[in-house]
Amino acid sequence: MCGIFGCIGKIDHDKALQCVQRMQHRGPDALNVRQLGEATLGHARLTILDKDEAANQPMQDASGRYNIVYNGEIYNFIELREELKLKGYRFRTQSDTEVLLYAYIEWDEAFQDKCNGMWSVAIWDSYEKKMFLSRDRFGIKPLYFLWENGNFYFASEMKAFFPVMKERQPNHSIFGAGDYFNFEATDECSIRGINKLTAGTCAIWQNGHFTQKSWWNTLEHLQEISKPYEEQVEMLRELFLDACKIRMRSDVPIGTALSGGIDSSCTLGAMHYLSNEYVERKANDWQHAFVAHMPDTCFDETKYAQMAAEHIGIQVERVNIDPQIGVDELLRYLYLCEEPYITSPVPYIQTYRQINNAGIKVTLDGHGADELFGGYSFDLFSACMDAGPGTKEFDEVVSTYNETCMSDSRVTRAEAFNQMVLQMKNNCTYGIQNDKFKKMGELNRRLYIETHDKFLPTLLRCYDRFSMASGVESRMPFMDYRIVCFAFSIPWTSKIRDGYTKAVVRDMARPFMRKDILNRKQKIGFNAPNTKWFKGELKEFLLDIIHSKDFKECNLINALDVYVDVNEFLQHDIDSYQDGERIWTKIVPYLWKKAVIDCD
């Protein structure tokens, strides 16, 4: 895991190094810049596979024609390496970077289909004067680009461009919409003039022309799964264990950010289940679990995290989350995150910071399962459409919803029907003209959008920043492309079943998880307790913000509207966690501007 940078055009070595240094948190182990005529490549390395300096980047092939910088991991690099050896390739390192480089040389763009992993990669062909860029299937690893002063730049983070930008201006369309989930799957960014390569896309720069094309579409890789539910459970278990197995490949210790929920506990249980199985390059030092401790809040899941850890005989380390970090430190967090989000980054960044302090560079985390397998209660109204009003299945879905959601969100059958109709109207705007998509049930169509276009792309970006802010690589077994394709190949009844959400995941994990955690119905989620903080520890901080002169002059907000909303919020005795989230969303454009636009 690393930070990459590149420029095609004129840039001196010191300026390029400044750009790379902006991402040193992503790769604190080695910083390098190589100038190759009209192309310059830079790299900040986080050493995980092959700790030898020979594996540093930029890396050149034996002929000297190709140079690569790369951020991510190719989990099946050992298998690809053996395949390339049979074709006559010789390797001088034990890294996945060299495998990736020779895979491109051998198979050109088709190498992408062979790779199981997460990546953003740039390869310069010095003969053809061509730069090839690629981003993984689901955009787990970021890749931004910028045209400035006649040069073409690319990087893992937008801040790498700051030393070469004449000015920074907000993209007002992002803040005007006020929905921070809607832009991540597009090429838009919060800073005007910077774009991103979207998920599953590759691009070529040559002779001043930049062309992009999509190389991955999940819909084209779905399977016909007509097997009974019990066999689907076995299929998923086999896929998930293999996904965890290859993600345990590491030359440094690994751990997990444990919430106590099903997905992270399932991942930890699988790591333990696989611990005695031989896997080439598997980390044997994996018994490290960390949980964010936020006492007296509804988001504290320390109890369940301890239960999951004790079940496999390891200790879980509590991370005591401190919201009173001061304005300067909060702005630093937002600078590291770069893009606005609906909640405070404090618990996430502090958790991964303590993971790094414990000497852990890699975590296996449970992200993606909710979007793939129907873990959010609000998605169940789409399952109501699949079940059909007036049926036994409809009533069962409504019952599942009421047992899963917060008590103040429960609904009657009539209310569920109204919510179903409302969701149906909203779902009509999907606009995907694909027969396989149209044949999906309503729940699967909704989850597909959440996975590819809305919630998950944003969460993947956030967790890249949260973890990489402290030089920790977050690996996600549920985001293995084989599991994603499986998830959209099975019917809704495999996901919502017998009163449970994510039924197939729960049943898959039974051999390596505690029954009482598996049977938890209410989803808490890993969030910042903004409501409690804003009414307690951060009340003075919040009031100072809305009374400040520069807040009133910020052109990204309606200061009077926010002022009124905050005061009404503070006067209420009881508020839901969504109210605190709403207040954060209203003030974050101001904080973001101070952190990202107005910073040095």
Side-chain angles (χ1 to χ4, degrees), residues 3 18-19 21-26 142 144 146 155-178 180 183-184 188-194 196 321-353 458 461-471 528 530 533-534 537-538 540-559 562 566 580-581 583-600:
Q18 288 177 32
C19 295
Q21 286 171 335
R22 292 278 180 147
M23 302 182 292
Q24 191 164 4
H25 51 277
R26 296 185 71 91
Y144 297 92
L146 167 76
S156 296
E157 295 188 4
M158 295 188 291
K159 61 180 67 68
F161 301 140
F162 292 176
V164 298
M165 294 180 73
K166 290 180 180 177
E167 63 174 3
R168 277 172 263 162
Q169 293 293 333
N171 179 354
H172 286 270
S173 66
I174 299 295
F175 296 95
Y180 300 139
F183 72 92
E184 185 58 34
E188 282 201 85
C189 303
S190 56
I191 301 177
R192 194 168 68 196
I194 299 177
K196 70 172 82 75
I321 303 302
D322 179 14
Q324 295 179 292
I325 56 175
V327 175
D328 290 342
E329 187 69 3
L330 178 60
L331 294 180
R332 172 67 180 169
Y333 285 8
L334 292 172
Y335 170 81
L336 290 167
C337 291
E338 294 193 317
E339 302 275 23
Y341 185 49
I342 62 169
T343 193
S344 168
V346 168
Y348 311 96
I349 289 182
Q350 289 185 1
T351 297
Y352 283 103
R353 180 168 295 176
T458 305
R461 181 203 73 219
C462 288
Y463 275 97
D464 173 81
R465 300 305 191 282
F466 296 154
S467 60
M468 293 308 297
S470 298
N530 293 306
W533 286 353
F534 284 148
E537 301 98 316
L538 298 182
E540 185 176 344
F541 163 78
L542 183 59
L543 289 171
D544 286 345
I545 286 176
I546 64 173
H547 286 96
S548 66
K549 182 175 181 291
D550 52 350
F551 178 81
K552 296 173 183 177
E553 295 174 350
C554 179
N555 62 1
L556 295 180
I557 58 170
N558 183 328
V562 178
V566 167
E581 192 174 272
I583 296 300
W584 172 267
T585 302
K586 290 209 168 190
I587 66 171
V588 76
Y590 161 75
L591 294 171
W592 174 88
K593 185 173 182 292
K594 287 179 68 70
V596 178
I597 298 297
D598 300 338
C599 68
D600 293 334

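- In this structure, Lys594 does not pair ionically with Asp328, as no charged nitrogen and carboxylate oxygen lie closer than 4.0 Å.
- For the pair Phe175 and Pro340, the minimum side-chain heavy-atom distance is below 4.5 Å.
- Applying the side chain to side chain contact (heavy atoms under 4.5 Å, CB included) rule to Glu540 yields the partners Asp544; only residues at least two apart in sequence or on another chain are considered.
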Given Asp550 and Lys593, is the salt bridge (charged side-chain N to carboxylate O under 4.0 Å, His left out) satisfied, shown in steps?
-> CA-CA 11 Å; Asp550 52 350; Lys593 185 173 182 292; over 6 Å; no
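- By the 30° and 60° cut-offs, the orientation of the rings of Phe551 relative to Tyr590 is perpendicular.
- Atom CD1 of Ile349 and atom CG of Leu330 lie 9.0 Å apart (nearest 0.5 Å).
- Looking at Val566 and Phe534, their side chains never come closer than 4.5 Å, going by heavy atoms from C-beta outward.
- Between Met158 and Pro142, the closest side-chain pair of non-hydrogen atoms is not below 4.5 Å.
- Of the inter-residue distances, the one linking Tyr335 atom OH with Trp592 atom CH2 reads 13.0 Å to the nearest 0.5 angstrom.
- Nearest heavy atom pair, residue Pro345 against residue Phe466, reads CB-CE2, 3.8 Å.
- Rounded to the nearest 0.5 angstrom, Arg332 CZ and Cys337 SG are separated by 10.5 Å.
- Interatomic distance, Asn530 CG to Ile583 CD1, rounded to the nearest 0.5 Å: 10.0 Å.
- Trp533 and Ser344 get closest at one heavy-atom pair: CZ3-OG, 4.3 Å.
- The two residues Trp584 and Tyr341 make their nearest non-hydrogen contact at NE1-O, 3.1 Å.
- For Ser548 (side chain) and Ile545 (main-chain N/O), a donor-acceptor pair under 3.5 Å exists by modelled atom type.
- Ionic pairing of Arg465 and Glu338 is present here: one or more N-O contacts between side-chain nitrogen and carboxylate oxygen are shorter than 4.0 angstrom.
- A cation-pi geometry, defined here as NZ or CZ lying under 6.0 Å from the six-membered ring centre and within 45° of its normal, holds between Arg168 and Phe162.
- In terms of heavy-atom proximity, Glu581 sits nearest to Ile342 at CG-O, 3.2 Å.
- A donor-acceptor pair shorter than 3.5 Å can be found between the side chains of Ser190 and Glu339.
- In this structure, Phe161 CZ and Ile194 CD1 are separated by 6.0 Å, a value rounded to the nearest 0.5 Å.
- When all heavy atoms of Ala528 and Thr343 are compared, the pair lying nearest together is CB-OG1, 3.4 Å.
- Using a 4.5 Å heavy-atom threshold, the side chains of Gln350 and Ile325 count as touching.
- Heavy atoms only, all atoms of each residue included: Arg353 and Ser470 are closest at CA-OG, 3.2 Å.
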Residue pair Leu331, Cys599: steps toward the side-chain contact (heavy atoms from CB on, under 4.5 Å) verdict = CA-CA 9 Å; Leu331 294 180; Cys599 68; over 6 Å; no
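- Using a distance-only test at 3.5 Å, with no hydrogens or angles considered, no donor-acceptor pair links the side chain of Lys159 to the main chain of Met23.
- Proximity of Pro170 to Val596: side-chain heavy atoms (C-beta onward) are nowhere separated by under 4.5 Å.
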Could you go step by step and tell me if Asn171 and Ile191 meet the side-chain contact (heavy atoms from CB on, under 4.5 Å) rule?
-> CA-CA 5 Å; Asn171 179 354; Ile191 301 177; over 6 Å; no
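- Residues Arg26 and Asp464 form a side-chain contact, since some pair of their non-hydrogen atoms from C-beta on lies under 4.5 Å apart.
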